[in-house]
Amino acid sequence: MQGEKITVEILGREGLARIGRFRTAHGVINTPNIMPVINPNINTMSIDAMKRAGMTCLITNSYIIRRSPALREKALRDGLHSLIGFDGPIMTDSGTFQSYVYGDVEFQNRDTVEFQLNIGSDISTILDIFSTPDDTWNKAEDAVKMTAERFAEVDDLAETHDISGPIQGSIYPDLRKISASLMSSGKASYLPIGGVVPLLEQYRYAELVDIIINSKLNSDFSKPIHLFGGGHPMFMGMAVLLGVDMFDSASYVKYAKDDRMLYPEGTRDLKDIMELPYWSPLRGRYTAEELRKEPADSRKSLIAVHNLAAIYMELSEIRERIHEQTLWQYVEARSRSHPALFEAFKRILLYSGKIEKYVELYRKPPFMAFDDLSMMSPYASRVRNIKGSGEYVDATAYYSYGMGLSEKFIKEIYEKTQDKYSIMWGDIEIPVELEESYPVQQSIFAKNMLNSPKKYLNRGESTLRNYNLEKIRFLADYQFGAGSGKNLFPDSCQIMVSRSTGRIRTIEDAGKILATMRVHDGYLALTMEGGERIMKNSPGMKNRVMVMDESATFNAQGKSVFFNFILDCDMDIIPYNEVLVVDPSDNLVAVGKALTSGIEMKQYRKGVAVIINHHRK
Ligand code: GUN
């Protein structure tokens with residue numbers, strides 16, 4: 001019935017957050033996005049009004065449709081899209097949530113899914129077992145197992161249809177991991193995180209952080225992650241930062257019923273409002289006072305319009321933030337709007353070491369440090385771990401932010417000794433060789449924690465080493481693994497510096513350019529010659545992306561590497577680092593920039609994985 005199954009194409013990223021898209025039988029869904037919940041019995045807002053508010057896809061409940069003879073007949077006869085009056089992507093839920101709220105439902109799992117397929121749902125849902133936050137570990141484990149068994153009952157249907165496999169596991173991170181692995185490795189093409197509505201309602205955001213991260217990191221990245229019931233704009237940015245692509249929510253109506261109005265940072269009661277915000281679609285048509293005087297039914301519909309606008313406005317801001325790679329900062333700042341969010345933000349920082357694997361070598365905007373918590377973000381934690389053991393001499397006194405290390409220090413101290421030197425960047429001690437690279441130079445601090453040059457020690461001995469050579473070797477070791485620096489840049493190499501700034505530009509050896517130093521992030525970009533040298537020093541898959549022969553031919557001409565042509569790759573690849581593109585016989589065909597981590601490269605099936613910078617002639 002359908003063509004290819006759902007698979008995420010990644011179009012933009014910042015760590016685990018992504019801008020993406022996937023295809024359904026009724027059109028493409030751009031992510032992050034929300035499916036507003038439509039109750040087929042209640043028409044709070046017309047479909048047209050919802051489309052005007054920004055709706056491009058929706059979710060409805062197959063259980064409600066099936067229970068009502070009139071709706072069931074119409075849905076079976078004319079199809080779900082005709083019943084709802086919407087020709088875009090429609091997901092259906094199963095009745096799991098109703099069984100959680102009202103007790104057992106009268107239908108079985110397989111016939112529930114068959115019904116959804118029969119009425120033409122784009123994404124169907126099994127009758128998963130809802131675990132509550134109060135369930136014991138044992139009870140939650142049973143629910144995880146039974147949910148997986150229920151998916152297995154529809155494995156044959158999932159061959160040709162998009163069926164969602166909810167990740168359960170209550171508040172237990174280990175169970176969320178197991179559930180995510182079970183659902184990811186099976187035939188489900190869409191992964192909602194379930195059982196979280198009570199946590200969302202009780203502002204238990206820190207526990208949600210545990211749940212989302214453990215689910216996401218154990219899921220297949222080619223499958224969309226959906227947060228069931230997560231539709232309050234207040235938590236959406238944080239959820240997206242942790243890898244959530246999709247939301248659904250009835251909050252726009254539920255809150256409207258109680259005269260509650262959504263805002264990006266919280267909720268306000270209509271009775272307390274002095275004026276409608278500038279962005280509200282109601283502004284200009286009603287004053288707050290006039291809105292309060294509307295009859296209950298009309299007031300509910302009007303507030304729903306406002307609430308939906310708040311949700312779509314926030315989603316648009318979130319997408320923009322990922323595009324400019326400032327979502328982390330946005331969430332960091334916004335977490336101050338509620339203590340529960342702030343607690344959750346601090347919980348995220350405990351995962352920095354894990355998130356680091358998915359974090360880019362550099363981001364377009366500078367790193368911004370507001371306080372000590374900023375220095376715990378994965379962008380900072382990565383450089384925190386660079387300095388290994390061994391004695392370092394503090395050279396902070398010879399470093400000034402903006403000017404870098406003083407010339408005098410380099411010539412009269414650094415180059416006349418073999419000592420290791422470090423500078424303080426915020427509270428992090430980093431090797432001086434990293435002074436120009438992201439995020440050290442590309443950073444803005446709330447206060448100047450860096451000292452300016454003070455005293456000089458003239459060693460007077462003859463020159464023992466060259467700072468620029470040490471620096472590029474250090475960067476090569478950092479980017480390509482220990483020992484790469486010496487192999488890539490032998491003593492005979494020549495370092496070309498800019499006449500105006502003194503900064504390193506290109507590095508040559510025997511008349512061939514090996515690498516250039518990128519202006520925007522202070523890291524190395526390889527040429528083919530440089531790539532060959534790195535390869536000799538990289539055993540196995542190290543630094544490599546191995547592609548099929550038919551791709552290698554194109555990559556050798558400078559065309560990008562697509563995910564579906566990748567045979568194998570180094571799992572330690574960092575997004576935006578340089579990689580070696582090799583054919584199945586391990587011949588270097590090109591060098592370029594990885595767009596995802598190595599872990600992700602093995603999972604995505606659609607889109608560009610590596611942009612080629614240099615290729616075989
Ligand atoms: N809606 C809200 N939570 C859930 C859940 O855990 N499972 C399903 N199927 N629907 C939901």
Side-chain angles (χ1 to χ4, degrees), residues 34-40 57-67 90-105 107-113 115-117 121-135 139-151 153-154 158 162-172 175-176 178-180 182-183 186 188-202 204 207-208 211-212 214-215 219 223-232 235-236 239 244 246-254:
I34 188 164
M35 298 169 166
V37 176
I38 302 280
N39 184 331
C57 51
L58 61 85
I59 186 167
T60 186
N61 201 296
S62 67
Y63 173 74
I64 296 174
I65 296 172
R66 197 171 171 203
R67 262 194 1 161
I90 303 183
M91 176 170 174
T92 43
D93 202 349
S94 54
T96 291
F97 196 63
Q98 282 67 23
S99 79
Y100 155 68
V101 180
Y102 308 113
D104 267 351
V105 294
F107 303 125
Q108 302 297 308
N109 176 49
R110 189 170 164 102
D111 56 49
T112 293
V113 173
F115 178 73
Q116 295 172 67
L117 301 188
S121 171
D122 292 302
I123 305 169
S124 310
T125 307
I126 59 164
L127 207 52
D128 52 316
I129 313 293
F130 192 104
S131 282
T132 75
D134 303 328
D135 283 347
K139 186 167 181 213
E141 189 202 20
D142 283 346
V144 165
K145 283 189 187 156
M146 207 184 302
T147 297
E149 281 163 20
R150 290 207 170 167
F151 201 97
E153 285 171 22
V154 298
D162 288 307
I163 303 179
S164 76
I167 298 169
Q168 295 288 348
S170 182
I171 54 168
Y172 307 106
L175 291 181
R176 291 286 175 176
I178 294 170
S179 187
L182 284 170
M183 285 303 166
S189 48
Y190 193 88
L191 305 173
I193 298 177
V196 292
V197 171
L199 297 173
L200 286 160
E201 286 174 351
Q202 296 162 32
R204 289 162 70 175
E207 285 158 285
L208 280 157
I211 290 170
I212 298 171
N214 284 291
S215 302
S219 75
K223 302 179 179 185
I225 292 276
H226 179 127
L227 192 67
F228 258 147
H232 195 303
F235 185 65
M236 290 198 305
V244 169
M246 292 297 297
F247 300 90
D248 73 277
S249 181
S251 61
Y252 70 105
V253 207
K254 270 204 275 186

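Just follow the structure's listing: the first ligand is 1, and inside any ligand the first atom is 1.
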Task: S94 versus Y63, closest heavy-atom pair with distance - done: O-CB, 3.6 Å
TODO: For the residue pair S62 and T92, confirm or rule out a side-chain donor-acceptor distance under 3.5 Å.
DONE: no
TODO: Determine whether the side chains of D135 and T132 contain a donor N or O and an acceptor N or O closer than 3.5 Å.
DONE: yes
TODO: Could you tell me whether E149 and K145 make a salt bridge, using a distance below 4.0 angstrom between a side-chain N and a carboxylate O?
DONE: no
Task: Within the protein, residues bringing a heavy atom under 4.0 Å of ligand 1, chain by chain - done: D93, S94, T96, F97, T125, D128, F130, Q168, G194, G195, V197, F228
TODO: State which residues pass side chain to side chain donor-acceptor pair (under 3.5 Å) with S99; sequence neighbours excluded, sorted by chain then number.
DONE: none
- [ ] Mark yes when over 12 heavy atoms from residues, nucleotides or ligands other than Q202 sit less than 6.0 Å from its CD; otherwise mark no.
- [x] yes
